[in-house]
Structure formats: C-alpha cells, structure tokens
Engineer: 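Starting off with a structure, shown below.
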Amino acid sequence: MHLAGVVPFTFLLLLLGCSARPLYPLPSRRNDKSKQPIQTFRPFNIAHRGSNGEIPEETAAAYLRAIEEGADFIETDILASKDGVLICFHDVTLDDTTDIAEHKQFASRKRTYEVQGDNVTGYFVVDFTLQELKSLRVKQRYPFRDQQYNGKFSIITFEEFISIALDAPRVVGIYPEMKNPVFINQRVKWSSGKRFEDKFVETLNKYGYKGSYLSKQWLKQPAFIQSFAPTSLVYVSNQTDLPKIFLIDDVTMPTQDTNQSYWEITSDSYLDFIKDYVVGIGPWKDTVIPVANNYLQTPTDLVARAHARDLQVHPYTYRNENQFLHFNFSEDPYNEYNYWINKVGVDGLFTDFTGSLHNFQEWTSPLSPDDEDASKLLKKIALMISEFSKT
C-alpha cells in the first residue's frame with residue numbers, strides 16, 4: 001500500500017463527511033488543454049456508481065475514489081426529487097441504501113406504487129424534496145462490504161456529479177442513466193410540460209456536453225447517455241448528438257416502456273432499428289454468456305452481432321467478491337477481466353472495483369498509439385546519437 005496516496009484520500013473523506021456544505025463547487029476555469037486526455041485505445045473502465053466496492057454508491061466520495069483509481073468514466077443513475085431536482089441515486093426507494101428508517105419524522109411517507117408492473121412498497125425518492133433528501137445519509141448496499149463509511153455521505157445532485165468530473169485533474173467522462181423514466185414522468189411534473197428526459201438533456205447542455213462519439217467536442221468532455229427505455233433514447237436523440245447506450249436487462253425482464261421481451265430487443269431486426277439511435281448496447285453479462293451452477297455456458301452471439309452493426313458492447317457488472325465470480329475464474333477477478341476483454345472482445349466494462357480493472361489493464365494492455373510513436377522516436381534518437389559518436 002502506498003501511504004502517500006492513502007493519507008490525502010482519507011483526509012478528503014473526513015472533509016466530505018464533516019463539511020456543512022458540499023465540497024463540489026461549480027467547475028473551475030482551469031485550462032483544459034493541460035489535462036491528460038481520455039484513453040480510447042482499450043476498453044473503457046466504467047466506474048459503476050463510483051468505486052462502490054469500497055465506498056457507498058453514488059456518493060461524491062465514491063466518484064472521487066474512482067477517479068483517483070483510474071476510471072475512464074464515472075457512471076451514475078439519475079432520478080428526480082419531489083421538487084424536480086435531478087439527483088444521483090439508483091433505487092426508486094430509499095430503503096436499502098440510506099438511513100431513512102432512522103428519520104422518524106418521515107415515517108408517514110411510506111407508500112406503495114406500481115413500478116415496472118410490480119407493486120413496490122417503501123420510501124420513494126419522488127416523495128421527498130431535495131432538502132429532505134440531503135438530510136439523509138447513504139450506506140453500503142451489501143453487508144459483506146466495508147461498512148466504515150456508512151452515514152458519512154449525503155445524496156448528490158446531477159450537477160454536483162458533473163462538477164466532480166469536470167474538476168478532475170485529467171479528462172474523465174460521465175455515463176449517466178435516465179433511470180425509470182416512465183415512473184419519474186408519472187410522479188414528477190415540471191413547468192411548461194417538460195419531461196424528465198428534457199431536464200436530463202438540459203443539464204448536459206448547461207455544462208457543455210455535446211458532440212458525437214470521438215468528435216473533438218466529445219473528447220473534451222466525454223459522455224455516454226444510457227437507458228433501459230428505448231423510447232427515451234429515441235426521444236433524446238432529437239435533442240443531443242451525444243452517444244447513447246441501450247441497456248439490456250435479464251432475459252425475464254421486458255422493457256419498461258414498450259413491454260418488449262429480451263428476445264425481441266436482441267433480435268437482428270431490432271438491432272438494425274436501434275443502431276440508428278445508439279452507438280452501443282449495455283447488456284447484463286450473464287445474458288451475453290449464460291450461467292448454470294455458477295459456471296459459464298456456451299456464449300451467445302450477441303457481441304458478434306452487435307459488432308457486425310458497429311455497435312459497442314459495454315456489459316455490466318464486474319464485481320471482485322467470490323459471491324459474484326463464476327467458478328471458471330478460480331475466484332480471480334483478473335481472470336474474469338482477461339476473459340471478457342481478450343476472449344469475448346467487449347468495448348467497455350461496468351465495474352464496482354475501478355482500481356482492480358485499471359491495474360489489470362495497465363499491466364496487460366499494449367502501449368497506446370502515442371506511446372508507440374514516442375518509443376519509436378526515442379529509438380531513432382538513440383540510433384542517431386550512436387552513429388554520431390562513431391564519426
């Protein structure tokens with residue numbers, strides 16, 4: 001362990017936990033030309049809800065940690081508060097990852113709503129104002145992960161999340177999801193008849209996120225827009241040219257907006273349709289390669305069919321714990337990364353453990369094109385010096 005890196009991060013966590021005000025101002029006006037650009041020569045390291053294997057998910061600390069550990073993109077789920085503020089939070093209910101149960105003043109807020117065809121009971125994000133949500137503290141989702149940061153961090157807004165990325169010391173992309181847009185549009189109303197998707201794109205535009213994939217504008221502030229709802233992706237395609245990713249759920253889950261089956265949305269005809277609106281798909285990895293008795297089975301041809309249509313493939317979610325590692329990988333996450341990157345050939349990976357994926361790629365990836373050019377140049381200079389010294 002390198003103590004030089006641990007001490008500053010620990011100090012930062014204390015500040016985040018104790019500060020009375022958010023520690024994420026509006027983006028600074030530093031010269032972006034001095035920032036190290038995002039890498040584009042190997043699969044993207046996508047920090048799933050931040051480095052949430054270590055720090056409670058979707059918090060400022062989890063995102064700062066992911067950036068420190070080498071994430072190419074920090075990923076988040078966007079929902080809306082009762083008063084229409086976009087926030088970073090995964091579940092439509094607060095029960096599993098906050099201390100809402102300890103706030104007796106909110107005891108009467110428990111509700112039952114229909115969410116994606118099921119009746120769900122709990123404390124719903126959409127029934128709380130931003131101020132009320134900010135009074136809560138976030139906790140780890142899984143009991144087998146580090147619990148020491150429970151209760152230290154608050155829910156952050158979409159704008160605060162963006163500021164974290166823009167204030168990073170290098171170019172770090174963002175990967176926000178329009179989460180449960182059908183439910184949000186049913187429960188939260190904005191002026192002038194605007195939809196959740198409109199507010200989502202307005203926020204991205206406000207902070208200068210624009211440009212098609214790998215364009216000059218995109219490389220300056222990289223972003224992918226993701227959603228499980230195809231109609232939302234089609235809708236925002238008329239508002240922004242930012243690249244979009246169509247997320248694909250388990251084989252048992254129909255799409256939340258169009259009620260289409262997994263088999264329909266992964267068919268050749270549907271991929272031919274959706275490719276006009278997205279640059280890639282984000283499938284759950286156990287649907288790309290089915291699993292039985294915790295062993296991988298014969299891979300499907302989904303990756304090959306997507307690549308044949310110039311669609312990227314960014315599967316989710318890669319987790320280091322034995323509970324999530326299939327027996328094929330001998331409880332070694334590096335074996336899993338190697339299989340998916342070098343055998344399956346995916347283009348990006350959603351991971352809860354940004355640092356381990358970054359280390360694997362640093363140790364195993366070939367030099368970037370720029371590094372190769374620099375290496376060739378140094379060899380030429382060395383040869384010239386050698387020949388000059390002989391004269």
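Values below: every heavy atom of this structure, side chains too, minus hydrogens, waters and symmetry copies.
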Engineer: Relative to the ring of Tyr142, is the ring of Phe144 parallel (under 30°), tilted (30 to 60°) or perpendicular (over 60°)?
Structural biologist: parallel
Engineer: Taking C-beta and beyond as the side chain, do Leu204 and Ile225 meet within less than 4.5 Å on heavy atoms?
Structural biologist: yes
Engineer: So, do Ile155 and Glu58 sit near enough that their side-chain heavy atoms are less than 4.5 Å apart?
Structural biologist: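 No, every pair of side-chain atoms sits at 4.5 Å or beyond.
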Engineer: Any sub-3.5 Å donor-acceptor pair from Asn328's side-chain atoms to Leu296's backbone N or O?
Structural biologist: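 Between the backbone of Leu296 and the side chain of Asn328 there is a qualifying donor-acceptor contact (under 3.5 Å).
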Engineer: Between Asp286 (side chain) and Val291 (backbone), is there a donor-acceptor pair under 3.5 Å?
Structural biologist: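 Side chain of Asp286 to backbone of Val291, a donor-acceptor pair under 3.5 Å: no, none is there.
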Engineer: Looking at Ser212, is its backbone amide N or carbonyl O close enough to the side chain of Ser215 to form a donor-acceptor pair, meaning the two atoms are under 3.5 Å apart?
Structural biologist: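 Yes, Ser215 side chain to Ser212 backbone: donor-acceptor pair under 3.5 Å.
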Engineer: Heavy-atom count around Gln186 CD within 6.0 Å, excluding the residue itself: above 12?
Structural biologist: yes
Engineer: Taking Gln361 for its side chain and His358 for its backbone only, find out whether a donor-acceptor pair lies under 3.5 Å.
Structural biologist: no
Engineer: Evaluate the ring planes of Trp218 and Phe73, with Trp represented by its six-membered ring, and classify them as parallel (under 30°), tilted (30 to 60°) or perpendicular (over 60°).
Structural biologist: tilted
Engineer: side-chain contact (heavy atoms from CB on, under 4.5 Å) for Asn185 and Trp190? Distances and angles first, verdict last.
Structural biologist: CA-CA 9 Å; Asn185 280 319; Trp190 287 272; 4.2 Å; yes
Engineer: Salt bridge check, Glu54 against Arg145: does any charged N sit closer than 4.0 Å to a carboxylate O?
Structural biologist: no
Engineer: Sub-3.5 Å donor-acceptor pair from the side chain of Ser192 to the main-chain atoms of Lys194, do we have one?
Structural biologist: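 Answer holds: no.
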Engineer: Whether Glu197 and Lys244 form a salt bridge (side-chain N of Lys/Arg under 4.0 Å from carboxylate O of Asp/Glu) is what I want to check.
Structural biologist: no
Engineer: Within the structure provided, determine whether Pro181 and Asp257 are in side-chain contact (heavy-atom separation under 4.5 Å).
Structural biologist: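 Heavy-atom side-chain distance check fails, nothing below 4.5 Å.
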Engineer: May I ask you to check whether over 12 heavy atoms, not counting those of Glu321, lie within 6.0 Å of atom CD?
Structural biologist: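 For Glu321, atom CD is crowded (more than 12 foreign heavy atoms under 6.0 Å).
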Engineer: With a 4.0 Å cut-off, would you call Glu102 and Arg137 a salt bridge?
Structural biologist: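 Here Glu102 does not pair with Arg137 in a salt bridge, since their nearest N and O are not under 4.0 Å apart.
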Engineer: In plain terms, say whether Glu75 and Arg49 are close enough for a salt bridge, that is, a side-chain N and a carboxylate O under 4.0 Å apart.
Structural biologist: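 No, Glu75 and Arg49 are not salt-bridged.
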Engineer: With the threshold set at 4.0 Å, does a side-chain nitrogen-carboxylate oxygen contact exist between Glu69 and Arg65?
Structural biologist: yes
Engineer: Do you know the tightest heavy-atom contact between Gly70 and Asn45?
Structural biologist: O-ND2, 4.2 Å
Engineer: Taking all heavy atoms of Thr98 and all of Leu136, pick out the closest pair and write down the distance.
Structural biologist: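 What the structure gives for the nearest pair is OG1-CD1, 4.1 Å.
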Engineer: Taking all atoms of both residues into account, what is the closest heavy-atom pair of Ala229 and Gln256, and its distance?
Structural biologist: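 Closest approach of Ala229 to Gln256, heavy atoms only: CB-CG, 4.1 Å.
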Engineer: Test of understanding: with salt bridge (charged side-chain N to carboxylate O under 4.0 Å, His left out), list the residues that count as partners of Glu336, not counting sequence neighbours.
Structural biologist: Lys285
Engineer: So Tyr175 and Ile245, do their side chains get closer than 4.5 Å, heavy atoms only?
Structural biologist: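 SC-SC contact between Ile245 and Tyr175 confirmed.
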Engineer: Ignoring hydrogens, what is the shortest heavy-atom contact between Gly348 and Pro43? Give both atom names and the distance.
Structural biologist: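 Heavy atoms only, the tightest pair is N-CB, 4.0 Å.
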Engineer: Tell me if the CG atom of Asp276 is crowded by more than 12 foreign heavy atoms within 6.0 Å.
Structural biologist: yes
Engineer: Is it true that Glu132 and Lys82 have a side-chain N and a carboxylate O under 4.0 angstrom from each other?
Structural biologist: no
Engineer: Quick check: closest heavy atoms across Ala165 and Ile174, and the distance to 0.1 Å?
Structural biologist: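 Minimum heavy-atom separation between Ala165 and Ile174: CB-CG2, 3.4 Å.
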Engineer: Does Glu57 use its side chain to pair, donor to acceptor, with the backbone of Asp352 at less than 3.5 Å?
Structural biologist: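 Absent.
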Engineer: Hey, are Arg309 and Asp272 close enough for a salt bridge, meaning a charged N less than 4.0 Å from a carboxylate O?
Structural biologist: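 Looking at Arg309 and Asp272, the cut-off is met.
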Engineer: If only atom types and distance count, is the side chain of Asp198 paired as donor or acceptor with the main-chain N or O of Arg195 below 3.5 Å?
Structural biologist: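 Yes; at least one donor-acceptor contact below 3.5 Å.
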Engineer: Less than 6.0 angstrom separating the ring centers of Phe324 and Tyr318, yes or no?
Structural biologist: no
Engineer: Do the side chains of Phe158 and Ile162 get nearer than 4.5 Å, heavy atoms only?
Structural biologist: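 When only atoms from C-beta onward are counted, Phe158 and Ile162 do touch, with a gap below 4.5 Å.
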Engineer: Under 4.5 Å between any side-chain heavy atoms of Leu86 and Thr203, yes or no?
Structural biologist: yes
Engineer: Centres of the Tyr63 and Phe161 rings: under 6.0 Å?
Structural biologist: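 Between Phe161 and Tyr63, which both carry aromatic rings, the centre distance is below 6.0 Å.
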Engineer: Any side-chain to backbone donor/acceptor pair from Asp146 onto Gln148? Under 3.5 Å, distance only.
Structural biologist: yes
Engineer: With the threshold set at 4.0 Å, does a side-chain nitrogen-carboxylate oxygen contact exist between Lys139 and Asp96?
Structural biologist: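 No, no charged N to carboxylate O under 4.0 Å.
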Engineer: Going through the checks in order, is the ring pair (Phe, Tyr, Trp, His ring centres under 6.0 Å) test met by Phe106 and Tyr123?
Structural biologist: CA-CA 9 Å; Phe106 298 139; Tyr123 296 95; 8.2 Å; no
Engineer: With a 4.5 Å cut-off on side-chain heavy atoms, are Val278 and Leu233 touching?
Structural biologist: yes
Engineer: Establish, yes or no, whether a centroid distance under 6.0 Å links the rings of Phe228 and Phe246.
Structural biologist: no
Engineer: Honestly, is Arg187 close enough over Phe124, meaning NZ or CZ under 6.0 Å from the six-membered ring centre and within 45° of the axis?
Structural biologist: no
Engineer: Measure from NZ or CZ of Arg319 to the centre of the six-membered ring of Phe353 and say whether it is under 6.0 Å with the direction within 45° of the ring axis.
Structural biologist: no
Engineer: Does Ser261 reach the side chain of Pro254, with side-chain heavy atoms less than 4.5 Å apart?
Structural biologist: no
